[in-house]
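Notes follow the structure.
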Amino acid sequence: QLQVVESGGGSVQAGGSLRLSCTVSGLEFDKYGMGWFRQAPGKEREITASITWSGTTTYYTDSVKGRFTISKDNAKSTLYLEMNSLKPEDTAMYYCAVSRFPYSGVSHSSSGPSYFGQGTQVTVSS
């Protein structure tokens, strides 16, 4: 049975750092593209970062470029999002997304064919 479990969220002051983790079980982790979405109150869920199944190509939305880093550890079946220089506008629920298809990148649409976890809250105060 597939399980996607996020952790690592919390409350920090602006300029601080957090590392989100997403542990995935029930599929061959190293064969699936993955990503992180976020949803702020009153807004749509949007792609934040993604990584190909091979780990060789990453994508970042413009607002987080240079501050966030996505990575994956196949041995631990865990996806990470390292977040530095956090800003109040980064406040959101962060969701891990896993492509439903092996050897395929994760869809950048929140309605795409992906599995999502329950999310972890990140709150950044000014």
Side-chain angles (χ1 to χ4, degrees):
Q1 183 178 351
L2 179 72
Q3 286 192 316
V4 180
V5 181
E6 303 95 334
S7 62
S11 296
V12 297
Q13 290 191 324
S17 298
L18 283 172
R19 187 176 77 159
L20 305 184
S21 299
C22 172
T23 301
V24 181
S25 59
L27 51 72
E28 294 181 83
F29 183 87
D30 60 346
K31 293 181 171 60
Y32 290 81
M34 299 182 182
W36 290 94
F37 283 70
R38 65 184 181 183
Q39 186 168 19
K43 294 190 176 181
E44 299 286 322
R45 188 178 299 188
E46 60 179 12
I47 185 72
T48 303
S50 67
I51 188 166
T52 53
W53 63 272
S54 62
T56 56
T57 303
T58 57
Y59 163 87
Y60 299 94
T61 195
D62 285 346
S63 60
V64 308
K65 284 180 181 176
R67 300 188 297 122
F68 289 13
T69 302
I70 189 171
S71 62
K72 60 198 301 266
D73 185 333
N74 292 334
K76 295 182 178 180
S77 296
T78 302
L79 178 73
Y80 299 102
L81 185 67
E82 187 75 37
M83 305 186 296
N84 297 315
S85 302
L86 283 162
K87 304 175 180 180
E89 50 264 44
D90 294 318
T91 295
M93 185 72 80
Y94 284 72
Y95 298 91
C96 177
V98 180
S99 175
R100 288 183 180 264
F101 308 109
Y103 305 114
S104 175
V106 69
S107 172
H108 286 189
S109 169
S110 61
S111 59
S114 301
Y115 301 108
F116 287 93
Q118 293 301 304
T120 186
Q121 178 68 37
V122 172
T123 302
V124 184
S125 58
S126 58

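- At least one donor-acceptor pair under 3.5 Å links the side chain of Thr78 to the backbone N or O of Lys76.
- Membership of an apolar cluster is not assigned to Val106, as no side-chain contact below 4.5 Å to another ILVMFWY residue is traced.
- Taken to the nearest 0.5 Å, the CD atom of Gln3 stands 10.5 Å off from the CD atom of Gln118.
- For the atom pair CZ (Arg100) and OG (Ser107), the distance works out to 11.0 Å, reported to the nearest 0.5 Å.
- Atom OH of residue Tyr32 and atom OG of residue Ser104 lie 10.0 Å apart, to the nearest 0.5 angstrom.
- Note: the hydrophobic cluster containing Trp53 does not contain Val98 (ILVMFWY, side chain heavy atoms under 4.5 Å, direct or indirect links).
- Residues Glu6 and Cys96 come closest through the heavy atom pair OE2-N, 2.8 Å.
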Atom pairs and distances, side-chain donor-acceptor, residues 79-89, under 3.5 Å, sequence neighbours left out:
residue: Asn84; atom: OD1; partner: Ser17; partner atom: OG; Å: 2.8

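- Closest approach of Val64 and Thr48 over heavy atoms only: CG2-O, 3.8 Å.
- Separating the CG atom in Asp30 from the OH atom in Tyr103 is a distance of 7.0 Å, to the nearest 0.5 Å.
- Take Lys31 and apply the salt bridge (Lys or Arg N to Asp or Glu O under 4.0 Å) test, not counting sequence neighbours, and it matches Glu28.
- With a 4.5 Å cut-off on side-chain heavy atoms, Pro113 and Phe101 count as touching.
- Formation of a donor-acceptor pair under 3.5 Å by the Ser99 side chain with backbone atoms of Gly33 is not found in this model.
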Review item, side-chain donor-acceptor pairs of residues 19-27, under 3.5 Å, at least two apart:
none

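- Contact annotation: the side chain of Phe29 approaches that of Met34 to within less than 4.5 Å [non-hydrogen atoms, C-beta and beyond].
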Test side-chain hydrogen bond (donor to acceptor under 3.5 Å, both in side chains) on Ser109 and Ser111; report intermediate values, then the result.
CA-CA 5 Å; Ser109 169; Ser111 59; 3.0 Å; yes

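- For Lys65, the salt bridge (Lys or Arg N to Asp or Glu O under 4.0 Å) partners two or more places apart in sequence, or in a different chain, are Asp62.
- Applying the 4.5 Å side-chain rule to ILVMFWY residues, one finds Phe37, Ile47, Met93, Tyr95, Phe116 in the same cluster as Tyr59.
- Once rounded to the nearest 0.5 Å, the distance linking CZ of Arg38 with CG of Asp90 reads 5.0 Å.
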